[in-house]
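Structure, as structure tokens:
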Amino acid sequence: MPDLSKLELLGWLRESRPARLQELYDWSDAVRNEHVGGAIHLRGLVEISSNCERQCMYCGLRQANQALPRYRMTREEILDCAHQAERLGYGTVVMQAGEDDLLTAEWIAEIVWSIKRKTALAVTLSLGERTEKELRLWRSMGADRYLLRFETSDPALFRIIHPPRRAGGLDRLTLLRRIKALGYEAGGGVMVGIPGQSFDSLAEDILTFRALDLDMIGIGPYIPHAATPLGSGALRPPIAASEQVPAGEEMVYKMIALTRIVCPTANIPSTTALATINRVEGRKNGLKVGANVVMPNLTPARYRSLYEIYPEKACVDESAADCNQCLRGQIYSLGRFAGQGQGGRGAVETLASVLPDASSRFVQLQA
Ligand code: SAM
Ligand code: SF4
């Protein structure tokens, strides 16, 4: 594993010469190919509730945003989405939501258990900061993975943008360590370009990914939402202009590439937020510089636009079938192939192992 020092990471994060950046992207793509292969894993995303008790300063789902109509999917709707994930050939279903107290531990546990009993899917949960008791229960029901981005490794900035909900709760880094100890595959990650975020802290983010030995690492651009204090400009965390990280796509590509080099076996998605800031090439570019996962949206159409974390989200108007076709088309246009199994960390699929299925799907797409 290349041991990039903090100084080297900072050098790359501040690099802007196109030829040097191309060298970085060629390097990270080669590391991706060597350690996780050409497969791109599809994880079906189901946004099960837009209710949230939190007041994160960056997120449109924050409780104080009363202009946003809220929804909570029923058990049957969620199970239908899981079956659809399986029908579409995905290996994983991801259940994501705000911190919604009405998603009780027992209710989620029964749904996880039902999905695991009736399908061959891996189940990923992303339900915010929940107690260790709840996490243990879901793990015992078969949940495989848990996603909890730590957003930034700068503790002072994190406190400003992510006010604690109650005293004595575990911080996200501690929670991620507990999640791993419970036997989940653990996913962390950050936003890039948060007001107040420094280059130094981005380098620390990458070192933190490595120190936590994360199985999944989600990196996306911060996108301002006008109904939030950070997005409206009402909240301006202090920082020198020369230290402020830009929110553009190039910064995200650099972060994905460096993360791939430093954490070669991690699963790294090319995110919807990246596809939002560059609708034509964003997702493909992420896949070219080190990412190996995409997350097609399975949330029923009537709820999609209500899960408005940030505005103008990509893929809000497409049906699940549209998303599936579009993403598979992008995958094949890159000369890569869709993974067939659950795609956990360390599962390296070769084209030969999936060829009969991949080629038949390609023929379907051409037809
Ligand atoms: N409530 C859970 C949580 O906070 O972990 C899961 C849902 S939350 C909407 C998922 C992720 O959305 C967050 O971890 C954050 O990185 C991302 N997000 C929220 N607001 C965003 C924004 N304005 N721009 C980009 N990403 C954002
Ligand atoms: Fe809620 Fe998650 Fe949004 Fe924070 S980031 S307001 S916890 S949905």
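The figures here come from the full heavy-atom set of this structure, side chains too, leaving out hydrogens, waters and symmetry mates. Just follow the structure's listing: the first ligand is 1, and inside any ligand the first atom is 1.
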Side-chain donor-acceptor contact under 3.5 Å, Glu249 with Tyr253: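 Yes.
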Donor + acceptor pair across side chains of Gln55, His162 (<3.5 Å):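 There is no such pair between these side chains.
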Give the contacting part of [X] toward ligand 1: side chain, backbone, both or neither, where contact means a heavy-atom distance below 4.0 Å.
| X | result |
| --- | --- |
| Glu151 | side chain |
| Cys59 | both |
| Cys52 | neither |
| Tyr307 | side chain |

Does this structure show an ion pair linking [X] with [Y], if we count only N-O contacts that are shorter than 4.0 Å?
| X | Y | answer |
| --- | --- | --- |
| Arg177 | Asp171 | no |
| Arg260 | Asp29 | no |
| Asp100 | Arg70 | no |
| Glu129 | Arg165 | no |
| Arg17 | Glu15 | yes |
| Arg304 | Glu47 | no |

Below 4.0 Å from ligand 1: does a non-hydrogen atom of [X] turn up there or not?
| X | answer |
| --- | --- |
| Ser126 | yes |
| Gly189 | no |
| Gly98 | yes |
| Gly60 | no |

Any N or O of [X] closer than 3.5 Å to N or O of ligand 1:
| X | answer |
| --- | --- |
| Tyr222 | no |
| Tyr310 | no |
| Pro224 | no |
| Ile223 | yes |
| Tyr58 | yes |

List the closest protein heavy-atom neighbour of [atom]: residue, atom name, distance to the nearest 0.1 Å.
| atom | result |
| --- | --- |
| atom 26 (N) of ligand 1 | Met191 SD, 3.4 Å |
| atom 25 (C) of ligand 1 | Pro221 O, 3.2 Å |
| atom 6 (C) of ligand 1 | Ala97 O, 3.3 Å |

Aromatic ring pairing Tyr146/Trp138, orientation class (parallel under 30°, perpendicular over 60°, tilted between):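 Correct class here is parallel.
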Donor-acceptor contact below 3.5 Å, side chain Thr276 vs main chain Ala314: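 Side chain of Thr276 to backbone of Ala314: a pair is present.
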Donor-acceptor contact present, side-chain Gln340 to main-chain Ala338, <3.5 Å: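 Indeed, once roles are kept as given, a pair shorter than 3.5 Å links the two residues.
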Distance filter under 2.8 Å, centred on atom 4 (Fe) of ligand 2 - protein N, O or S atoms that pass it: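 Result, waters dropped: Cys56 SG.
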Contact bool for atom 8 (S) of ligand 2 (protein heavy atom, d < 4.0 Å):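 Looking at atom 8 (S) of ligand 2, one finds that a protein heavy atom does lie closer than 4.0 Å.
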Heavy atom of protein inside 4.0 Å of atom 11 (C) of ligand 1, strictly below: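 No, there is none.
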Residues Arg75, Glu110; criterion salt bridge (charged side-chain N to carboxylate O under 4.0 Å, His left out); working and verdict: CA-CA 9 Å; Arg75 169 187 185 276; Glu110 195 279 327; 2.7 Å; yes
Glu132 atom CD, neighbour heavy-atom count above 12 within 6.0 Å: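 It does: Glu132 CD has more than 12 such atoms within range.
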Within 6.0 angstrom of Arg117 CZ, more than 12 heavy atoms from elsewhere: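 Yes - once you tally the heavy atoms of other residues, nucleotides and ligands closer than 6.0 Å, there are more than 12.
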Nearest neighbour of atom 20 (N) of ligand 1 from the list Ile219, Thr152, Ile309, on a heavy-atom basis: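 That would be Ile309.
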Selection from Gln96, His225, Arg172, Glu47 by shortest heavy-atom distance to atom 5 (O) of ligand 1: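 Minimum heavy-atom distance to atom 5 (O) of ligand 1 goes to Arg172.
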Which of the ligand 1 atoms, numbered from 1, are nearer than 4.0 Å to a heavy atom of Arg149: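 Listed by number with element: 14 (O), 16 (O).
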Atoms of ligand 1 close to Gly128 [distance to a heavy atom under 4.0 angstrom, numbered from 1]: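 Here the atoms of ligand 1 in question are 2 (C).
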From CA spacing to verdict: salt bridge (charged side-chain N to carboxylate O under 4.0 Å, His left out), Arg14, Glu243: CA-CA 10 Å; Arg14 287 193 180 272; Glu243 288 304 315; 3.2 Å; yes
Evaluation steps, salt bridge (charged side-chain N to carboxylate O under 4.0 Å, His left out), between Arg130 and Asp101: CA-CA 10 Å; Arg130 306 288 299 231; Asp101 287 347; 5.9 Å; no
Asp213: side-chain contact (heavy atoms from CB on, under 4.5 Å) partners, not counting sequence neighbours: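 Asp213: side-chain contact (heavy atoms from CB on, under 4.5 Å) contacts with Lys180, Arg345.
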